[in-house]
There are 2 protein chains.
Amino acid sequence: MNSEFIIAVHSLVLLAHRPDGMASSEEIASNVCTNPVRVRKVMSCLRKNGFVDTREGSGGGYRLSQEPNEVTLADIYRALTAGSLAPSWCSGNPESDCLVGSNMGEVMDAVFCGADQQLELYFESITIGQMLSRLTAKAKA
Amino acid sequence: MNSEFIIAVHSLVLLAHRPDGMASSEEIASNVCTNPVRVRKVMSCLRKNGFVDTREGSGGGYRLSQEPNEVTLADIYRALTAGSLAPSWCSGNPESDCLVGSNMGEVMDAVFCGADQQLELYFESITIGQMLSRLTAKAKA
DNA sequence: TACTACTGTAATAATATCAGTTACAGTTAA
DNA sequence: TTAACTGTAACTGATATTATTACAGTAGTA
């Protein structure tokens with residue numbers, strides 16, 4: 001799993017938590033514990049997918065452009081991590097004259113594709129708003 | 001996802017496909033397209049978990065010790081890959097005085113733990129025997 | 001017994017991936 | 001015009017992954 005997914009989710013939750021709904025890459029980076037450039041790269045992608053609005057220039061930053069309860073982790077997953085389950089490493093060799101060796105690559109791909117869908121289904125059930133609720137619940141405990 | 005999982009599945013399917021149910025690390029490695037040492041390491045783990053029997057010495061190798069239709073990918077996943085979904089990278093910082101930054105690590109862990117279970121559930125539905133069926137189906141097509 | 005063909009495992013090297021940093025152009029508010 | 005931002009590219013360093021080498025232990029067989 002890509003850690004950019006984590007950064008994206010964390011960033012959106014942080015924006016949802018802010019009273020004014022805004023934060024700069026530096027503020028986000030310090031909260032997430034990474035560097036601003038990495039945050040900007042992720043946010044840039046989120047902007048292209050319509051999850052946030054960007055304001056460049058002084059006093060700028062990022063702002064949620066959707067309701068926290070309408071954005072699911074699956075949306076984020078699809079936007080920047082989908083298909084990452086299967087390792088780049090590939091088993092077997094299509095040229096092989098063995099039934100197993102020659103077809104395992106494709107069959108394994110199909111297995112991972114299914115796994116990815118399963119994962120997406122799970123992420124579908126969690127929204128940014130819920131993440132925020134879980135955080136406050138945790139903080140109270 | 002760990003590529004050892006792929007090697008393990010591929011190896012077991014290959015064993016299931018062999019008429020005599022046996023193969024050496026070198027034979028498996030050539031079929032999988034990797035090197036024998038890697039295969040031996042994975043198989044060693046599968047042996048410790050009761051999936052295969054080993055015979056050392058001349059003429060030795062590996063043999064399935066369970067019915068192909070009774071071994072699921074989830075069994076293999078649990079044995080050598082479970083919990084690999086969450087990236088080692090961790091978001092936030094427990095020392096932070098922000099609600100979000102201080103608790104995100106834990107909440108995210110819980111999310112990934114759930115994702116892992118979901119994945120396991122999916123793998124539960126696929127057996128080594130089914131993998132072999134898929135391969136033969138693919139070969140016919 | 002000696003030889004050959006295996007497994008088991010550690011250590012190392014080569015390579016690929018990931019994360020952090022620096023640099024700088026473009027944008028906007030004051 | 002300056003200061004505070006985003007957007008990107010390029011580079012560096014760290015970490016993880018895969019392959020290789022080496023060798024001890026085991027078992028079948030001549």
Side-chain angles (χ1 to χ4, degrees), chain A residues 1-8 10-11 15 18 20-49 51-65 80-81 83-93, chain B residues 1-8 10-11 15 18 20-49 51-65 80-81 83-93:
Chain A
M1 171 81 47
N2 205 326
S3 65
E4 292 188 357
F5 173 76
I6 295 183
I7 295 176
H10 189 143
S11 303
L15 290 179
R18 285 290 177 96
D20 61 351
M22 277 208 72
S24 70
S25 63
E26 195 150 349
E27 291 171 307
I28 297 174
S30 123
N31 198 276
V32 167
C33 275
T34 185
N35 58 342
V37 176
R38 203 143 132 72
V39 170
R40 292 206 287 269
K41 206 152 62 178
V42 171
M43 296 310 274
S44 177
C45 182
L46 290 181
R47 171 179 53 84
K48 282 167 189 160
N49 284 275
F51 297 110
V52 297
D53 288 325
T54 278
R55 209 169 65 214
E56 295 188 15
S58 180
Y62 304 93
R63 161 175 283 143
L64 271 184
S65 60
L80 44 74
T81 323
S84 71
L85 250 189
S88 53
W89 197 87
C90 178
S91 188
N93 172 9
Chain B
M1 173 76 52
N2 203 326
S3 65
E4 292 188 355
F5 174 75
I6 296 184
I7 294 176
H10 189 143
S11 303
L15 290 179
R18 285 290 177 98
D20 59 351
M22 280 207 70
S24 70
S25 65
E26 194 150 350
E27 291 171 308
I28 296 172
S30 123
N31 197 276
V32 167
C33 273
T34 183
N35 57 344
V37 176
R38 203 143 133 72
V39 170
R40 292 205 287 267
K41 207 152 63 181
V42 171
M43 295 310 274
S44 177
C45 182
L46 291 182
R47 171 177 53 84
K48 283 167 189 160
N49 284 277
F51 297 113
V52 297
D53 288 324
T54 277
R55 209 167 68 212
E56 296 188 13
S58 179
Y62 304 93
R63 160 175 285 142
L64 270 185
S65 60
L80 43 74
T81 325
S84 70
L85 250 188
S88 53
W89 198 87
C90 179
S91 187
N93 171 9

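First the proteins, then the strands, lettered A, B, ... as listed; each starts at 1.
Within the 4.0 Å cut-off from OP1 or OP2 of D:dT18, at least one side-chain nitrogen or oxygen of B:Ser3 is found. In this structure, A:Ser44 reaches the D:dT8 phosphate: one of its side-chain N or O atoms is under 4.0 Å from OP1 or OP2. Contact annotation: A:Arg47 side-chain N/O to D:dT6 OP1/OP2 distance is not under 4.0 Å. Look at A:Ser88 and you won't find any side-chain N or O under 4.0 angstrom from OP1 or OP2 of C:dA16. Contact annotation: B:Lys41 does not reach the phosphate of C:dA11 (side-chain N/O to OP1 or OP2, under 4.0 Å). B:Ser58 has no side-chain polar atom (N or O) that falls below the 4.0 Å cut-off from OP1 or OP2 of C:dT4.
Comparing B:Gly59 and A:Cys33 against DNA chain C, the residue whose closest nucleotide sits nearer the 5' end is B:Gly59. Across the interface with DNA chain C, nearest-nucleotide mapping of A:Pro36 and A:Gly57 shows A:Pro36 to be the residue nearer the 5′ end.
A donor-acceptor pair under 3.5 Å is absent between the side-chain atoms of A:Arg40 and the main chain of A:Ser44, judged by distance alone. In this structure, B:Ser11 contributes its side chain and B:Ile7 its backbone to a donor-acceptor pair below 3.5 Å. A distance-only check finds no donor-acceptor pair linking the side chain of A:Ser3 to the backbone of A:Ile6 [under 3.5 Å]. Under a 3.5 Å cut-off, the side chain of A:Ser65 and the backbone N or O of A:Phe51 do form a donor-acceptor pair.
Across D:dA19, D:dC5, D:dT8, the shortest atom-to-atom separation from the side chain of A:Ser24 is found for D:dC5. Taking every side-chain heavy atom of B:Trp89 into account, C:dA19 is the closest of D:dA19, D:dA9, C:dA19. Set against D:dA19, C:dT9, C:dT27, the side chain of A:Glu56 has C:dT27 as its closest nucleotide. The side chain of B:Thr54 approaches C:dG8 more closely than any other nucleotide in the set C:dA19, C:dG8, C:dT22. When each of D:dG7, D:dT6, D:dG28 is scored by its nearest atom to the side-chain atoms of A:Ser25, the top-ranked nucleotide is D:dT6.
Residue B:Met43 contributes atom CE, which lies 14 Å from atom P of C:dT9 at whole-angstrom precision. One interatomic measurement links the two molecules: CD of A:Glu26 to P of D:dA3, which rounds to 16 Å at whole-angstrom precision.
Looking at heavy-atom distances under 4.0 Å, A:Arg40 makes contact with a base.
Among residues two or more places apart in sequence or in another chain, the salt bridge (Lys or Arg N to Asp or Glu O under 4.0 Å) test is passed with B:Glu4 by none.
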